[in-house]
Number of protein chains: 2
Amino acid sequence: MANVQSIKAQCRKVMCIGRNYADHIKELNSARPKQPFFFLKPSSSILLPGAGPVLRPRGVNMHYEVELGLVMGKTVRDLHPDDTQGALDAIEGYLLAIDMTARNVQDEAKKKGLPWSIAKGFDTFLPISNFIAKSRIVDPHNLNLWLTVNNEIKQSDNTELMLFRIPRQLSDISRVMTLEKGDIVLTGTPKGVGPVKTGDIMKAGLKADGKDIEEANIEVP
Amino acid sequence: MANVQSIKAQCRKVMCIGRNYADHIKELNSARPKQPFFFLKPSSSILLPGAGPVLRPRGVNMHYEVELGLVMGKTVRDLHPDDTQGALDAIEGYLLAIDMTARNVQDEAKKKGLPWSIAKGFDTFLPISNFIAKSRIVDPHNLNLWLTVNNEIKQSDNTELMLFRIPRQLSDISRVMTLEKGDIVLTGTPKGVGPVKTGDIMKAGLKADGKDIEEANIEVP
Ligand SMILES: [Mg+2]
Ligand SMILES: [Mg+2]
Ligand SMILES: [Mg+2]
C-alpha cells in the first residue's frame with residue numbers, strides 16, 4: 001500500500017478538471033462546458049497530512065474546493081471514453097484533496113485570458129488525505145464529499161453529480177497527455193466553495209454508504 | 001554531467017514565462033505585462049533528442065516558440081529578485097527547448113478565460129536539446145536563439161532582449177511555488193513564432209559569441 005509521502009515524492013503532475021458539478025458552475029457564474037477542461041497544479045503544491053497549515057499569500061482571497069483524487073497506477077494513453085474497465089484498472093487508489101484556489105488571482109487571469117497556474121499553484125495549495133486503497137471504494141461515483149470550516153458544513157454532495165465521469169475524464173486527459181504512474185487526477189468540486197482565512201480550520205472527508213472512510217479525513221489548521 | 005534522459009526522468013514541473021520579449025508581444029497583439037506571468041507544461045510533453053517528430057493533434061494549429069531553458073540544480077524558495085548570484089547558483093545547466101503551442105486552442109482558451117494547460121501540454125510539445133553544462137555559457141543574457149523551418153530562418157534574437165531577466169523570473173516563480181532540483185524553467189520566446197505542419201523540419205540552436213553551442217542543437221522532423 002502506498003504511503004502518502006511516497007505519493008508526493010512520485011507525483012509528477014496533478015491534472016484537475018474544472019466545472020464538473022452543475023451547481024458549482026452556477027455559483028461561480030461560469031458557462032457549462034460542452035466538454036471537460038483541465039488545468040495543471042504543480043506537485044510542489046501538495047500538502048501532506050499533518051504538515052501544517054495552508055499558507056495564504058498576501059493579498060490573496062483563498063478558496064477551498066474539496067475533490068475526489070485519483071492516484072494513477074499505470075501509464076494511460078488514448079483511453080477510449082467507453083473503456084470503463086480500462087479506466088478503473090489504471091487507478092491505483094484514491095485520496096481526498098482540497099484544490100485551494102487564489103480566487104481573486106484566478107478571476108483576474110480569466111478576465112485577461114491568462115493562465116491559471118499561479119492561482120492554482122502556490123505551495124501548500126493542495127492538502128491531501130492519506131492514501132485510500134482501491135478496495136475501500138466500491139463505486140467512486142457514489143461517494144459523499146464533505147468539507148467544514150470551523151465545524152460548519154460548507155460542501156456536501158455526492159460524486160454521482162459529476163457531469164463527466166471518471167472514464168471520460170481519463171479519456172480526455174490521456175488523448176492530450178500521457179498519464180503516468182503516480183500522477184494525480186482531481187475530479188472536480190461540488191457547490192459550496194468559499195473563502196478561508198488564516199486560523200480557520202478546514203476538515204474534509206468522504207463517506208461511502210453513509211460511513212466515513214477514515215483514511216480520507218483531512219484536517220488543516 | 002546530466003544526460004538528457006535523466007533530465008526528462010527527473011523533471012517534475014516545467015514553468016514557462018509568457019510574453020518576455022517585446023516584439024513577440026506585438027506580433028500576438030498581446031498586452032505588455034507589468035510583471036512576469038507563468039504557466040506550467042507537464043513533464044510528459046518533453047520530447048528527447050532523436051525521439052521522433054512532434055505530433056500534431058487533429059484540428060490543431062501548431063506553433064513553435066524557441067526558448068532558452070534552465071535546469072534547476074537545487075531547491076529555490078522565495079529568492080530575492082536582486083539575488084543574481086543566488087539565481088545563477090541554483091541553475092545546474094541549460095538546454096534549448098521549443099515550447100510548442102496549439103495556437104487555436106490557446107486563442108479559444110484566452111477568449112473564454114480558460115486555462116492554457118491543454119494548449120501547451122500535448123505529448124511531444126516540448127522538444128529539448130541535449131544538456132548544456134553551465135560552464136559552456138558565460139552569460140545567459142547574451143546568447144543568440146535561432147530557429148529555422150525547412151531551413152528558412154524564422155526566429156533569431158538575443159536573450160539580452162528579455163523584459164524580465166533570469167533572477168527576476170526565478171524570484172517571481174519561487175515566491176509562488178518551490179522550484180525543485182530537476183525542474184525546468186523556460187525563459188520566453190523572441191519574435192517570429194509561426195505554424196508548422198506535419199513533415200516540416202524544425203532546427204534550432206544557440207550561439208554564444210557568434211558560434212553555435214553544439215549541445216544546443218535541435219532537429220525535429
Ligand atoms: Mg507538473
Ligand atoms: Mg477544483
Ligand atoms: Mg513560450
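By convention in this document, chain letters (A, B, ...) are assigned in the order of the sequence lines, proteins followed by strands, and residues within each chain are numbered from 1.
With no hydrogens or angles considered, a side-chain donor-acceptor pair links B:Thr101 and B:Lys120 at under 3.5 Å.
Top candidate by heavy-atom pairs under 4.5 Å with chain B, chosen from A:Asp183, A:Asp123, A:Ile118, is A:Asp123. Contacts with chain A were tallied for B:Met177, B:Gln106, B:Lys110; B:Met177 has the most, counting heavy-atom pairs under 4.5 Å. Among B:Asp107, B:Leu114, B:Thr124, the residue with the largest count of heavy-atom pairs under 4.5 Å with chain A is B:Leu114. Put simply, of A:Cys11, A:Gly18, A:Ser30, the one with the most heavy-atom pairs under 4.5 Å next to chain B is A:Cys11. Note: B:Pro115 leads B:Ala31, B:Ser45, B:Pro33, B:Pro115 in heavy-atom pairs under 4.5 Å with chain A. Most heavy-atom pairs under 4.5 Å with chain A, from the set B:Trp116, B:Phe39, B:Phe122: that is B:Trp116. When each of A:Pro57, A:Ser44, A:Ala109, A:Ala119 is scored by its heavy-atom pairs under 4.5 Å with chain B, the top score falls to A:Ser44.
Within the 4.5 Å cutoff, side-chain heavy atoms of B:Lys74 are placed close to those of B:Asp89.
Residue contact with chain A, scored on non-hydrogen atoms closer than 4.5 Å, involves the backbone and the side chain of B:Thr178 alike. Looking at A:Phe37, the atoms closer than 4.5 Å to chain B (heavy atoms on both sides) all sit in the side chain, from C-beta outward.
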(request) Determine, step by step, whether B:Leu47 and B:Met100 satisfy the side chain to side chain contact (heavy atoms under 4.5 Å, CB included) criterion, reporting the C-alpha distance in whole Å, the side-chain angles of both residues, the deciding distance to 0.1 Å, and the verdict. (result) CA-CA 11 Å; B:Leu47 181 70; B:Met100 299 302 299; over 6 Å; no
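A distance of 14.0 Å separates OH of A:Tyr64 from CD1 of A:Ile218, quoted to the nearest 0.5 Å. Here the NZ-CG distance, from B:Lys191 to B:Leu161, works out to 7.0 Å after rounding to the nearest 0.5 Å.
At a threshold of 4.0 Å, the pair B:Arg168-B:Asp172 counts as salt-bridged, since one of the basic side-chain nitrogens sits closer than that to a carboxylate oxygen.
Between A:Ser129 and A:Pro49, the shortest heavy-atom distance links the atoms C-CG, 3.8 Å.
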